[in-house]
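Report on one structure; see the data block that follows.
In this text the structure is predicted, and so the values were computed from the model without any measurement. Excluded from the calculations below are hydrogen atoms, water molecules and symmetry mates; all remaining heavy atoms, backbone and side chain alike, are included.
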Amino acid sequence: MNTGLQLYNTLSRKKELFQPLNAPNVGMYVCGPTVYSDVHLGNCRTFMSFDLIFRYLKYSGYKVRYVRNITDAGHLEGDRDEGDDKFAKRAKLEQLEPMEIVQKYTLGFHDVMRMLNTLPPSIEPTATGHIIEQIEMIKIIIANGYGYEVDGNVYFDVEKYSEKYNYTILTNRNLEDMLANTRELGGQDDKKGRLDFALWIKAKPETLMQWQSPWGMGFPGWHIECSAMSAKYLGAEFDIHGGGMDLAATHHTNEIAQSEACSHHQPARYWMHTNMLTVNGTRMSKSAGNGFLPLELFTGDHPLLKKGYSPMTVKFFMLQAHYRSTLDFSNDALDASEKGFRRLMAAVNLLEKLSVSDQNEFDIDAIKEKCINAMNDDFNSPVLIAELFEAVRIINTVYDGKGKISADALEKLKALINDFVFDILGLKDEESGNLELNSVLEMVIELRKEAKENKDYATSDKIRIGLQELGIQLKDGKEGTTWSKA
């Protein structure tokens, strides 16, 4: 079991040695999507990042219970318990039942995650499936003196909580400044304090999604679902809690407060957050008009994109940036990633065609150690990818007959590629499944070989140039001819 993993903890604002509560078991909770619309790229980056973390923890010998929720109720448009319910608003717009909206966009989310080759979580609970647990947690918070009910609404008393606990421990903000900078409550005068947030919201007569509770008909606040579900499936205290950095200031801050008010200690030991996306240096957002959906990125059907990029190209592009770094989308950057990914896959496809020798010129163990060191350094995927391109260089060198590798070293090289390219990064060869294309190209390559053997160079060149115009690049080597997309 790997005991040298260092990860960045938002709580301490530094890298720490990962020490699970109950090794080799690891509990990890990640805030999932709110399924009232198509999943956006920021979500995809977060879920791909934690897929990488999930995969590496498993590779490292840990038994991981990965819980990622589906928010299908209780999320209002504003973080301050304001605005319309997102599901009800979308349901009215599309003239569907709220749960039809949930089903539609949950299926769409799963489709995108499959296209990006992410592993499903161990458990994927929904907010509507855990109303009872949320109500029970709210009752405990009230009994402990940190919640209060006003006319069917239940609020969390932040100032009362702050007398004993540090409400801003995750973000290190100043509570007095927060109070001073928070606007007047307006239509929410039943709250005691400006920072108080809803645990349970009273339903209006027209509310489509509502449940019976000790405080009347209503629905849960957004934050309580994650506290209730993480406690149910991982316990009151667990190892890792993750999500996008935009969740830290409000959602995760309130999660910590709810859990601590209920169980009297921190829910997670390590809090991890992914960074934001930008487009040509500007923050990606719907309001800026520069946000595009995953399927738009795959098809190229967006004014900012000159063409579409395959799901694995997009994944490779995202993995080339560290999860805590800002990731900037541009056509040039995506083009470079596309070339890099194709180069990697082309080398992988040469592995079975390499000839072994009694001699060996390459230290595969040293490359593996560097790959492990990269991942042990807070899951540093860009450094890992750089190390993997050293393996690509070795493969190409041996294939071209300019280096010698032993049978034992070749098996280690194959294992290295399988472990880090496929099992940990979660990449896959998008061309390998196209058996018909493979068969046709192999036949064309054989025809070209026959033409060369007959010294019919005009036909040989015509085949090569014709394939190149179609985007197929041929590579002649000591072991024969291979192809890849240009």
Side-chain angles (χ1 to χ4, degrees), residues 28-55 65-77 85-91 93-94 96-130 209 220 222-223 225-226 229-230 233 241-247 251-252 272-274 276-277 284-286 291-299 301-302 308-315 317-319 323 327 329 426-428 430:
M28 181 170 75
Y29 188 94
V30 176
C31 291
T34 302
V35 287
Y36 72 100
S37 64
D38 292 309
V39 63
H40 59 76
L41 280 173
N43 281 149
C44 290
R45 190 204 185 175
T46 294
F47 303 140
M48 274 193 285
S49 296
F50 283 98
D51 181 66
L52 174 73
I53 292 166
F54 180 35
R55 287 170 177 271
R65 177 177 286 179
Y66 172 19
V67 182
R68 186 184 67 205
N69 71 300
I70 294 284
T71 296
D72 59 351
H75 197 163
L76 302 183
E77 291 181 296
D85 177 88
K86 291 183 176 184
F87 300 95
K89 187 173 183 178
R90 177 66 69 160
L93 184 66
E94 297 192 21
L96 296 170
E97 284 290 327
M99 293 313 291
E100 287 182 284
I101 294 296
V102 167
Q103 180 75 352
K104 174 183 176 180
Y105 291 111
T106 299
L107 291 174
F109 165 64
H110 287 153
D111 285 343
V112 171
M113 290 296 100
R114 276 192 293 269
M115 293 172 76
L116 292 168
N117 199 35
T118 63
L119 298 174
S122 313
I123 302 173
E124 193 172 51
T126 64
T128 55
H130 296 77
M209 301 174 77
W222 171 32
H223 315 297
E225 65 173 278
C226 289
M229 290 189 285
S230 63
Y233 295 110
H241 194 310
M245 67 179 298
D246 58 309
L247 298 179
H251 183 53
H252 288 168
M272 302 179 68
H273 294 91
T274 56
M276 69 178 69
L277 304 181
M284 182 184 288
S285 68
K286 290 181 181 178
F292 35 80
L293 298 171
L295 291 180
E296 292 174 327
L297 187 53
F298 301 157
T299 63
D301 187 19
H302 192 279
Y309 298 90
S310 74
M312 286 301 99
T313 295
V314 173
K315 185 170 189 174
F317 167 71
M318 290 192 175
L319 290 169
Y323 76 89
L327 178 62
F329 278 82
L427 297 170
K428 64 179 180 179
E430 292 168 313

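A side chain to side chain donor-acceptor pair (under 3.5 Å) with N69 is found for one member of E225, E124, H130 and no other, namely E225. Between M115 and the choices P311, P294, C44, the side chain to side chain contact (heavy atoms under 4.5 Å, CB included) rule is met once, by P311.
No side-chain heavy atom of F47 sits less than 4.5 Å from a side-chain heavy atom of T118. At a threshold of 4.5 Å between non-hydrogen side-chain atoms, the residues R114 and P120 do not count as touching. Contact check for F298 versus L116: side-chain heavy atoms found under the 4.5 Å cut-off. Side chains of I70 and P33 form a contact here, defined as non-hydrogen atoms less than 4.5 Å apart. Counting heavy atoms from C-beta outward, Y66 and I53 have side chains that stay 4.5 Å or more apart. Contact annotation: the side chain of M48 never approaches that of L319 to less than 4.5 Å [non-hydrogen atoms, C-beta and beyond]. Side-chain contact check for R45 versus L277: some heavy-atom pair is nearer than 4.5 Å. Contact annotation: the side chain of C31 approaches that of H252 to within less than 4.5 Å [non-hydrogen atoms, C-beta and beyond].
Checked by atom type and distance alone, the side chain of E430 never pairs as donor or acceptor with a backbone atom of S310 at under 3.5 Å. Within the 3.5 Å criterion, the main-chain N or O of Y233 finds a donor-acceptor partner in the side chain of R65.
The distance from the CE atom of M209 to the CE atom of M99 is 5.0 Å, given to the nearest 0.5 Å. In this structure, the separation between CG on D246 and OG1 on T46 is 7.0 Å, given to the nearest 0.5 Å. Summarising the geometry, atom NE2 belonging to H251 is positioned 6.5 Å from atom OG1 belonging to T71; distances are rounded to the nearest 0.5 Å. Expressed to the nearest 0.5 Å, how far NE2 of H40 lies from CG of N43 amounts to 3.5 Å.
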**Item:** Verdict with supporting geometry, F292 and F329, ring-ring contact (aromatic ring centres under 6.0 Å, His included)
**Value:** CA-CA 10 Å; F292 35 80; F329 278 82; 5.7 Å; yes
**Prompt:** Does the side chain to side chain contact (heavy atoms under 4.5 Å, CB included) test come out yes or no for E94 and K104, once each step is laid out?
**Reply:** CA-CA 11 Å; E94 297 192 21; K104 174 183 176 180; 2.9 Å; yes
**Prompt:** Step by step, would you call M312 with K428 a side chain to side chain contact (heavy atoms under 4.5 Å, CB included)?
**Reply:** CA-CA 7 Å; M312 286 301 99; K428 64 179 180 179; 3.7 Å; yes
**Request:** Check the pair L297, L41 against side chain to side chain contact (heavy atoms under 4.5 Å, CB included), reporting the backbone distance first and the verdict last.
**Result:** CA-CA 9 Å; L297 187 53; L41 280 173; 4.0 Å; yes
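No cation-pi contact links R68 to F50, judged by a cut-off of 6.0 Å to the six-membered ring centre and 45° from its axis.
The neighbour count for D301 CG, taken as heavy atoms of other residues, nucleotides or ligands under 6.0 Å away, does not exceed 12. For E97, the CD atom counts as loosely surrounded, since its 6.0 Å shell holds 12 or fewer non-hydrogen atoms of other residues, nucleotides or ligands.
Shortest non-hydrogen contact noted between S230 and Y29 is CB-CD1, 3.6 Å. Among all heavy-atom pairs drawn from N117 and D51, the shortest one is O-OD2, 4.1 Å. For the pair M229 and T126, the tightest heavy-atom approach, listed with the atom from each and the gap, is SD-O, 3.5 Å.
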